[in-house]
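Let me begin by presenting the structure, written as structure tokens, before commenting on it.
Below, chains carry the letters A, B, ... as their sequence lines are ordered, and counting in each starts from 1.
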Number of protein chains: 2
Amino acid sequence: MKLSKSGEYALRALIFLALRYNKNKDAIVKIQEISLGERIPKKFLESILLKLKKAGILKSSRGTGGGYSLNKAPEEITLAQVIRIIDGPLAPLGCASVTAHVYCPEEKNCGLQKVMKDVRNAISGILDHYTLHDVLLRTSIANEDG
Amino acid sequence: MKLSKSGEYALRALIFLALRYNKNKDAIVKIQEISLGERIPKKFLESILLKLKKAGILKSSRGTGGGYSLNKAPEEITLAQVIRIIDGPLAPLGCASVTAHVYCPEEKNCGLQKVMKDVRNAISGILDHYTLHDVLLRTSIANEDG
DNA sequence: CTTTAATTCTATCGATTAAATAGAGTAATG
DNA sequence: CATTACTCTATTTAATCGATAGAATTAAAG
């Protein structure tokens with residue numbers, strides 16, 4: 001039931017960016033800065049940020065002084081959105097997924113599917129309502145004076 | 001957040017065996033029978049069943065007329081047990097795991113960890129209390145007369 | 001009691017996917 | 001036009017999934 005490395009890195013990078021956003025809405029952060037700060041392989045992080053940009057979560061500017069920043073307020077970005085972009089559906093089984101349902105022949109009659117739908121709903125009940133802002137609230141360093 | 005193929009196959013195979021168990025507590029089922037019935041690659045299934053045996057969930061007998069059967073009643077086997085044996089901890093992140101906690105330096109101060117612990121607890125709240133017996137109850141075919 | 005057939009067990013190899021690295025290409029700044 | 005940093009493509013490495021080959025064990029047949 002683990003989150004992929006990509007998914008984990010995506011969340012950590014976004015939290016990093018959200019922290020900057022809260023200090024200065026227009027802050028631009030280099031990939032390398034995130035990479036060093038969160039100990040994420042730089043080139044790997046690059047591909048993750050690109051996906052998040054294409055999905056509208058981030059915006060970027062190139063050249064000297066370029067970098068990434070949030071394209072929405074932290075309150076508007078849920079953890080579930082991010083995970084779905086990077087890792088796909090939240091459901092443990094394809095046949096229990098709402099966003100990318102995979103048909104299976106014994107569907108009507110599958111006890112396992114029913115349980116896994118319960119699990120999916122429990123997960124999305126948390127992650128669909130949890131935003132980057134909420135994560136920062138639970139991170140004490142975010143509340144310290146700079 | 002997906003379950004691995006191994007994990008899914010393990011659960012399906014055990015449900016298959018639990019169905020037989022309920023008809024006849026001493027029924028012995030061949031790997032091939034499960035493989036055909038659940039469309040699981042036979043040799044791959046073999047390695048999964050072996051792990052479940054070593055973990056005490058299944059017992060086996062070799063030679064002609066041999067095969068596998070449950071080593072406990074379906075009421076005593078939770079889905080969480082099975083997933084932990086095959087796929088490892090339920091937690092989305094190592095640092096949020098109870099059974100195999102991985103230390104991370106910003107632990108005390110990590111909002112992400114706190115959320116993922118909530119998710120872990122939600123998942124285990126369901127899977128630790130859900131047994132093979134419960135799955136069969138939600139599978140209508142299990143209640144038909146043979 | 002020996003052979004044969006059925007079955008689990010062990011070990012390894014190939015294919016596919018995920019994770020990580022490398023480098024060339026493109027755009028912006030000064 | 002040189003530097004900086006994002007963007008893109010390609011390659012390498014590691015993990016997972018699935019397949020293959022054969023040894024070990026048991027039961028039944030002859």
Side-chain angles (χ1 to χ4, degrees), chain A residues 1-13 17 20 26-71 83 85-89 92-94, chain B residues 1-13 17 20 26-71 83 85-89 92-94:
Chain A
M1 309 288 278
K2 242 197 287 278
L3 199 60
S4 74
K5 235 53 179 130
S6 303
E8 179 183 340
Y9 292 164
L11 290 175
R12 291 197 187 283
L17 286 165
R20 293 303 190 82
D26 299 311
I28 289 179
V29 185
K30 294 190 290 193
I31 290 176
Q32 185 168 22
E33 210 175 333
I34 306 172
S35 164
L36 290 173
E38 295 291 326
R39 294 180 217 78
I40 301 171
K42 187 182 166 193
K43 286 289 183 173
F44 192 38
L45 178 59
E46 226 173 286
S47 67
I48 293 166
L49 296 181
L50 206 55
K51 277 185 206 162
L52 293 173
K53 183 198 168 178
K54 284 177 181 163
I57 304 280
L58 295 178
K59 59 187 172 189
S60 69
S61 53
R62 317 226 286 195
T64 308
Y68 280 92
S69 53
L70 296 189
N71 195 31
I83 294 174
I85 291 165
I86 301 295
D87 280 352
L93 292 180
Chain B
M1 311 287 278
K2 243 197 285 278
L3 199 60
S4 74
K5 235 53 179 134
S6 302
E8 179 182 341
Y9 292 163
L11 290 175
R12 291 197 187 282
L17 285 165
R20 292 304 190 82
D26 299 312
I28 289 179
V29 185
K30 297 189 289 192
I31 292 177
Q32 187 169 20
E33 211 173 333
I34 307 173
S35 165
L36 290 173
E38 296 290 327
R39 295 180 216 77
I40 301 172
K42 188 182 165 193
K43 284 291 181 177
F44 192 37
L45 178 59
E46 229 173 284
S47 67
I48 294 167
L49 296 181
L50 210 53
K51 277 185 206 162
L52 294 172
K53 183 200 167 179
K54 285 177 181 160
I57 304 280
L58 295 178
K59 59 187 171 189
S60 67
S61 53
R62 316 225 289 194
T64 309
Y68 279 93
S69 52
L70 296 189
N71 196 31
I83 293 174
I85 291 165
I86 301 296
D87 280 352
L93 293 179

Whole-Å gap separating [atom2] ([N]) and [atom1] ([X]):
X       : N      : atom1 : atom2 : result
B:Ile40 : D:dG18 : CD1   : C1'   : 13 Å
A:Lys30 : D:dT4  : NZ    : C1'   : 8 Å
B:Leu52 : C:dC9  : CG    : P     : 12 Å
A:Lys2  : C:dA19 : NZ    : P     : 12 Å
B:Lys51 : D:dT16 : NZ    : C1'   : 10 Å
B:Tyr68 : C:dT8  : OH    : C1'   : 6 Å
B:Ile28 : D:dT25 : CD1   : P     : 18 Å
A:Lys59 : C:dA27 : NZ    : P     : 21 Å

Out of [options], which nucleotide sits closest to the side chain of [X]?
X       : options                : answer
B:Arg62 : D:dT25, C:dT26, C:dA19 : D:dT25
A:Tyr9  : C:dA20, D:dG18, D:dT7  : C:dA20
B:Leu50 : D:dA27, C:dT10, D:dA24 : C:dT10
A:Phe44 : C:dC9, D:dC6, C:dT21   : C:dT21
A:Pro41 : C:dA19, C:dT21, C:dT8  : C:dT21

Notebook entry, point to check: Checking side-chain contact (heavy atoms from CB on, under 4.5 Å) for the pair A:Tyr68/A:Leu50: CA distance, chi angles, key distance, verdict?
Noted result: CA-CA 10 Å; A:Tyr68 280 92; A:Leu50 206 55; 3.8 Å; yes
Item checked: Which atom of B:Ala13 lies closest to which atom of B:Leu45, heavy atoms considered ->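 Heavy atoms of B:Ala13 and B:Leu45 come nearest at CB-CD1, 3.9 Å.
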Check: Considering all heavy atoms of both residues, which atom of A:Leu52 and which atom of A:Ala10 are nearest to each other, and what is their separation?
Finding: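 So the minimum-distance heavy-atom pair works out to CD1-CB, 4.2 Å.
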Next item on the list: For the pair B:Ser35 (side chain) and B:Ile40 (backbone), establish whether a donor and an acceptor sit closer than 3.5 Å, ignoring hydrogens and angles.
Entry: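 Side chain of B:Ser35 to backbone of B:Ile40, a donor-acceptor pair under 3.5 Å: yes, one is there.
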Note to self: With a 3.5 Å distance limit and no angle check, can you tell me whether B:Asn71 reaches the backbone of B:Gly56 through a side-chain donor-acceptor pair?
What the structure shows: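 Yes: the side chain of B:Asn71 pairs with the backbone of B:Gly56.
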Notebook entry, point to check: Going through the checks in order, is the side-chain contact (heavy atoms from CB on, under 4.5 Å) test met by A:Lys42 and A:Ile31?
Noted result: CA-CA 7 Å; A:Lys42 187 182 166 193; A:Ile31 290 176; 3.8 Å; yes
Could you tell me whether [X] contacts a base, only the sugar-phosphate backbone, or nothing, with contacts defined as non-hydrogen atoms closer than 4.0 Å?
X       : value
A:Ile31 : sugar-phosphate
A:Lys54 : sugar-phosphate
B:Gly66 : sugar-phosphate
A:Gln32 : nothing

Counting just side-chain N and O atoms, does [X] come under 4.0 Å of either OP1 or OP2 of [N]?
X       : N      : answer
B:Ser60 : C:dT7  : no
B:Ser6  : D:dC17 : yes
B:Lys53 : C:dC9  : yes
B:Ser47 : C:dT10 : no

Notebook entry, point to check: Is there a donor and acceptor pair, one atom on the side chain of A:Glu46 and one on the base of D:dC6, closer than 3.5 Å?
Noted result: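 No pair found.
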Check: Quick one: the side chain of B:Lys43 and the base of D:dG22, do they pair up donor-acceptor inside 3.5 Å?
Finding: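 Answer is yes: a donor-acceptor pair is held.
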Margin query: Return whichever of A:Thr64 or A:Lys5 has its heavy-atom-nearest nucleotide of DNA chain C closer to the 5' end.
Written below: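 Taking each residue's closest nucleotide, the earlier one in sequence belongs to A:Lys5.
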Margin query: Please compare B:Gly65 and A:Lys42 by the position of their nearest nucleotide in DNA chain C and report the one closer to 5'.
Written below: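 Comparing both residues, the 5'-ward one is B:Gly65.
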